[in-house]
There are 2 protein chains.
Amino acid sequence: MTVTEKMEPIRVANETLASQIRNCLADDITSGAIAPGTQIDEQEVAERFGASRTPVREALRELASSGLVTIEPRRGARVVELTLDRIGEMFEVMAEIEAMCVRIATERMTTLERYQLHHLHNISHKHVLDENIDEYDATNKQFHTTIYNGTHSSFLIELASNLRQRIAPFRRAQFRGIQRLLISYEEHAAILNSIFAKDSDTAAKLMRAHMLVAGAVYTRYAYEHPSRLE
Amino acid sequence: MTVTEKMEPIRVANETLASQIRNCLADDITSGAIAPGTQIDEQEVAERFGASRTPVREALRELASSGLVTIEPRRGARVVELTLDRIGEMFEVMAEIEAMCVRIATERMTTLERYQLHHLHNISHKHVLDENIDEYDATNKQFHTTIYNGTHSSFLIELASNLRQRIAPFRRAQFRGIQRLLISYEEHAAILNSIFAKDSDTAAKLMRAHMLVAGAVYTRYAYEHPSRLE
DNA sequence: GAAGAAATATTTGTATACTTAGTAATTTCA
DNA sequence: TGAAATTACTAAGTATACAAATATTTCTTC
């Protein structure tokens with residue numbers, strides 16, 4: 001064995017080109033960089049990534065399956081554009097799934113996990129005081145993800161995460177206005193209390209309400225600002 | 001204009017080659033024709049359908065997204081092979097989703113839809129008497145689908161249908177034994193009663209139990225017959 | 001004969017080329 | 001001038017070709 005024994009090839013990316021493109025496009029869509037309804041030209045995306053159409057097509061197919069774009073045969077792909085009804089349905093289901101998650105998580109979380117959640121809640125308090133919407137949004141996401149993880153059900157974690165991603169493009173109006181930030185924080189506090197009290201049914205009920213409020217906020221906003229419907 | 005004016009081109013299929021292959025493979029997998037764990041060779045599938053690898057690859061990507069196959073970069077695709085734990089998690093989530101569906105459906109179904117459900121239930125009774133497992137299974141599926149549709153939430157319908165499809169390859173031991181058929185039938189009857197009584201909470205509770213029993217039946221069977229784990 | 005290394009074969013990932021369908025533009029005829 | 005039809009063009013679907021990585025086999029060495 002020499003000193004120069006074969007090193008790990010520093011595999012630049014354990015990912016395939018197609019999957020990188022998929023992740024990148026997914027980010028663009030969920031962040032709103034590519035607006036709902038936008039037609040996606042395969043050639044254009046290919047050039048942007050310096051690749052051929054093949055991996056782009058595969059990426060688009062995967063995005064279609066996960067619900068971020070729609071593909072019509074011979075007519076290409078476009079970022080999903082949902083009706084208000086449909087978005088309402090998604091929030092409704094999301095509310096139920098989140099309720100399920102918190103109910104199960106309340107029964108299964110470890111002490112450590114509960115305190116991690118509590119810690120996140122404390123952090124978000126600072127963001128409320130600072131009126132830092134972006135940071136609050138990020139911490140909010142972590143808060144929910146931590147609850148998903150608390151179910152210890154990999155399948156449920158995946159399902160909930162996927163749904164959250166699908167709704168993402170339509171949540172951007174969420175925290176418009178500082179008062180909404182505070183309300184969200186207080187709702188979290190109530191949920192957290194139930195979790196620590198190991199009252200799973202109450203936690204679930206509160207979570208369902210919390211999510212339905214978010215849905216209502218969105219749909220009302222979208223209704224009042226139809227031109228900015230994204 | 002002559003008599004031979006251009007006829008509708010009898011568009012053989014409004015589908016693309018890739019989507020046909022996808023549907024076909026999905027059937028093969030859910031029906032068990034291709035067993036879990038089977039490695040899928042792109043070239044082989046391409047030849048089977050008389051096509052090139054390109055549409056086959058796209059089909060496999062979509063199947064991966066919907067959870068029927070797993071793809072590892074550079075190592076190809078294989079039919080999902082799940083651990084018992086994972087299957088248990090899926091049944092657990094499925095039970096919750098189905099409970100959600102029946103709760104919402106109980107509140108929203110039209111009179112016509114309720115009677116369609118009742119009709120299906122009557123049909124399944126015949127299959128119980130005939131001990132016709134395959135037919136019962138088909139009617140059972142329709143029964144559940146009718147409940148999904150009763151939610152009038154296209155999003156929820158899609159979600160539930162997708163989950164059902166994902167579990168399909170692992171449900172085949174479901175109705176082994178006539179007594180299980182009868183039990184299933186009677187559980188349906190109780191659910192149906194609650195729906196007609198518009199008691200959505202009870203319907204949900206019964207449905208959850210109904211699905212959890214199915215999951216327990218499977219996992220017990222799989223545990224007792226590990227070699228036939230499919 | 002077994003273990004490891006080199007060579008070969010197979011298979012996936014990507015690029016390019018070609019075919020076909022859909023759309024837009026232009027032309028022709030009423 | 002307006003509508004229908006033809007043509008041209010664009011973009012998606014599919015096939016083929018090539019490159020890169022993994023799997024397999026063979027060969028060498030102990």
Side-chain angles (χ1 to χ4, degrees), chain A residues 1-26 34 37-65 68-81, chain B residues 1-26 34 37-65 68-81:
Chain A
M1 297 291 156
T2 89
V3 182
T4 61
E5 93 185 289
K6 195 167 188 179
M7 296 185 68
E8 200 69 351
I10 307 185
R11 173 184 282 286
V12 175
N14 198 353
E15 292 177 358
T16 177
L17 230 185
S19 74
Q20 289 176 270
I21 295 173
R22 166 173 52 75
N23 292 338
C24 212
L25 287 178
I34 306 180
T38 307
Q39 178 85 28
I40 301 177
D41 185 271
E42 293 180 358
Q43 189 69 41
E44 192 180 308
V45 177
E47 282 163 16
R48 172 180 157 198
F49 288 95
S52 74
R53 277 176 53 221
T54 308
V56 174
R57 281 178 62 79
E58 294 190 353
L60 288 175
R61 290 303 139 96
E62 293 178 29
L63 291 175
S65 300
L68 287 178
V69 310
T70 56
I71 295 180
E72 283 181 289
R74 296 269 170 204
R75 316 191 102 184
R78 58 176 53 223
V79 179
V80 278
E81 195 172 28
Chain B
M1 295 296 151
T2 87
V3 182
T4 61
E5 92 183 292
K6 195 169 187 179
M7 295 185 68
E8 199 70 352
I10 307 186
R11 174 183 283 283
V12 175
N14 197 353
E15 292 176 357
T16 175
L17 231 185
S19 74
Q20 287 176 273
I21 294 173
R22 167 173 52 76
N23 293 336
C24 211
L25 286 178
I34 305 180
T38 306
Q39 178 84 29
I40 300 177
D41 186 271
E42 293 180 358
Q43 188 69 41
E44 193 180 307
V45 176
E47 281 163 16
R48 172 180 157 199
F49 288 95
S52 76
R53 278 176 52 222
T54 307
V56 173
R57 281 178 62 80
E58 293 189 353
L60 288 175
R61 291 302 139 97
E62 293 178 30
L63 291 175
S65 301
L68 287 178
V69 310
T70 56
I71 294 179
E72 283 182 289
R74 296 268 168 203
R75 314 190 109 185
R78 59 176 53 224
V79 180
V80 278
E81 194 172 30

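The sequence lines fix the lettering, A, B, ..., with proteins before strands; numbering per chain opens at 1. Because the structure is predicted, anything quoted here is derived from the model rather than measured.
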### Query
With B:Gln43, which residues qualify under side-chain contact (heavy atoms from CB on, under 4.5 Å), at least two apart?
B:Asp41, B:Glu47, B:Arg53

#### Entry: Counterpart residues, side-chain contact (heavy atoms from CB on, under 4.5 Å), relative to A:Asn23 (two or more places apart)
A:Glu15

### Query
What residues form a salt bridge (Lys or Arg N to Asp or Glu O under 4.0 Å) with A:Arg61, not counting sequence neighbours?
B:Glu58

### Task
Name all residues meeting the salt bridge (Lys or Arg N to Asp or Glu O under 4.0 Å) criterion together with A:Arg78; count only those two or more places apart in sequence or in a different chain, and write none if there are none.
none

#### Entry: Length of the line joining A:Leu60:CG and D:dT14:P, which is rounded to integer Å
15 Å

Taking distance alone, no hydrogens or angles, what donor-acceptor pairs closer than 3.5 Å link side-chain atoms of residues 68-75 of chain B to residues at least two apart or in another chain?
none

Each nucleotide N or O in nucleotides 10-14 of chain C that has a protein N or O under 3.5 Å away: list the pair and distance.
from   : atom 1 : to      : atom 2 : distance (Å)
C:dT12 : O3'    : B:Arg74 : N      : 3.4
C:dT12 : O2     : B:Arg74 : NH1    : 3.1
C:dG13 : OP1    : B:Arg74 : N      : 3.0
C:dG13 : OP2    : B:Arg57 : NH1    : 2.5
C:dG13 : OP2    : B:Arg57 : NH2    : 3.1
C:dG13 : OP2    : B:Arg61 : NH2    : 3.0
C:dG13 : O4'    : B:Arg74 : NH1    : 3.3
C:dG13 : O4'    : B:Arg74 : NH2    : 3.3
C:dG13 : O3'    : A:Thr16 : OG1    : 3.1
C:dG13 : N7     : B:Arg53 : NH2    : 2.9
C:dG13 : O6     : B:Arg53 : NH1    : 3.1
C:dT14 : OP1    : A:Thr16 : OG1    : 2.9
C:dT14 : OP1    : A:Leu17 : N      : 2.5
C:dT14 : OP2    : A:Thr16 : OG1    : 2.8

